[in-house]
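A short write-up of the structure that comes next.
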Amino acid sequence: MAWKRMVLEIGMGTSIRSHNYTQAAVRALRDALWHNSLPVAGALGLDVDSMQVAVKIGVPHPELVDTAAVLAVLPHGTGTVEVVEGGLEIANDAGGATVIAHAAAVVRLDLPEGG
């Protein structure tokens, strides 16, 4: 058996007024996941909870993201979250900022060699 990359899902999320990095990251992952229906695990006779999902989030200040809150978004399987510098922060006239986060989720399944 070997872990094979099956799916790459991408999304974008924002925190328009509250300058909340975790909120933007969670919304980005939801955007990536909730616009898809991926019956690949079931089609291969595997339980959906057998998936491994590697999540990468890009925001201007990675240290401001609660990775546990991002990981809690995953509806199935087990996952990891890596937060890297990326995304955007756009100042507004009120002295705050809008945060834009980008998310990528790589879904892997344990398949027989040659599968």
Side-chain angles (χ1 to χ4, degrees):
M1 301 288 276
W3 288 97
K4 305 279 186 174
R5 178 177 161 162
M6 303 300 292
V7 178
L8 169 64
E9 299 174 289
I10 55 174
M12 187 215 41
T14 61
S15 175
I16 294 176
R17 290 176 207 82
S18 64
H19 199 232
N20 185 316
Y21 276 76
T22 297
Q23 181 182 64
V26 163
R27 288 175 174 170
L29 182 56
R30 282 190 178 136
D31 182 56
L33 300 177
W34 268 250
H35 287 104
N36 297 287
S37 174
L38 302 171
V40 67
L44 295 172
L46 300 172
D47 187 298
V48 293
D49 287 323
S50 69
M51 295 185 294
Q52 286 186 347
V53 185
V55 177
K56 186 178 265 190
I57 300 289
V59 292
H61 297 286
E63 70 280 3
L64 298 178
V65 174
D66 176 354
T67 57
V70 174
L71 194 58
V73 170
L74 295 178
H76 300 290
T78 59
T80 59
V81 176
E82 176 187 10
V83 186
V84 299
E85 193 170 325
L88 291 170
E89 184 175 293
I90 303 159
N92 62 34
D93 293 341
T98 293
V99 176
I100 301 174
H102 296 106
V106 176
V107 178
R108 290 184 172 84
L109 291 170
D110 196 11
L111 301 175
E113 289 293 331

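Computed from a prediction, not measured in an experiment: that's the story for all the values here.
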Considering residues, nucleotides and ligands other than E85, do more than 12 of their heavy atoms fall under 6.0 Å from its CD?
-> no

For a quick test of reading the model, state the closest non-hydrogen atom pair linking [X] to [Y] and the distance between them.
| X | Y | answer |
| --- | --- | --- |
| G11 | A32 | N-CB, 3.6 Å |
| K4 | P112 | CE-O, 4.5 Å |
| W3 | R108 | CZ3-O, 3.6 Å |
| H61 | E89 | CD2-OE1, 3.8 Å |

Same apolar cluster (I L V M F W Y, side chains within < 4.5 Å links), [X]/[Y]:
| X | Y | result |
| --- | --- | --- |
| M51 | V81 | yes |
| I57 | M12 | no |
| V53 | V65 | yes |

Roughly how far, to the nearest 0.5 Å, is the [atom2] atom of [Y] from the [atom1] atom of [X]?
| X | Y | atom1 | atom2 | answer |
| --- | --- | --- | --- | --- |
| L29 | L74 | CG | CG | 5.5 Å |
| M1 | L111 | CE | CG | 6.5 Å |
| R17 | Q23 | CZ | CD | 10.5 Å |

Determine yes or no for a side-chain-to-main-chain donor-acceptor pair under 3.5 angstrom, with [X] supplying the side chain and [Y] the backbone.
| X | Y | answer |
| --- | --- | --- |
| D31 | W34 | no |
| D49 | G77 | yes |
| R27 | T14 | yes |
| S15 | V99 | no |

Heavy-atom distance under 4.5 Å between the side chains of L64 and V59, does that happen here?
-> no

Hey, are the side chains of L46 and D110 touching, using non-hydrogen atoms and a 4.5 Å cut-off?
-> no

Among L44, V7, V48, side chain to side chain contact (heavy atoms under 4.5 Å, CB included) partner for L109 = L44

Test side-chain contact (heavy atoms from CB on, under 4.5 Å) on I10 and H102 and set out the steps.
-> CA-CA 8 Å; I10 55 174; H102 296 106; over 6 Å; no

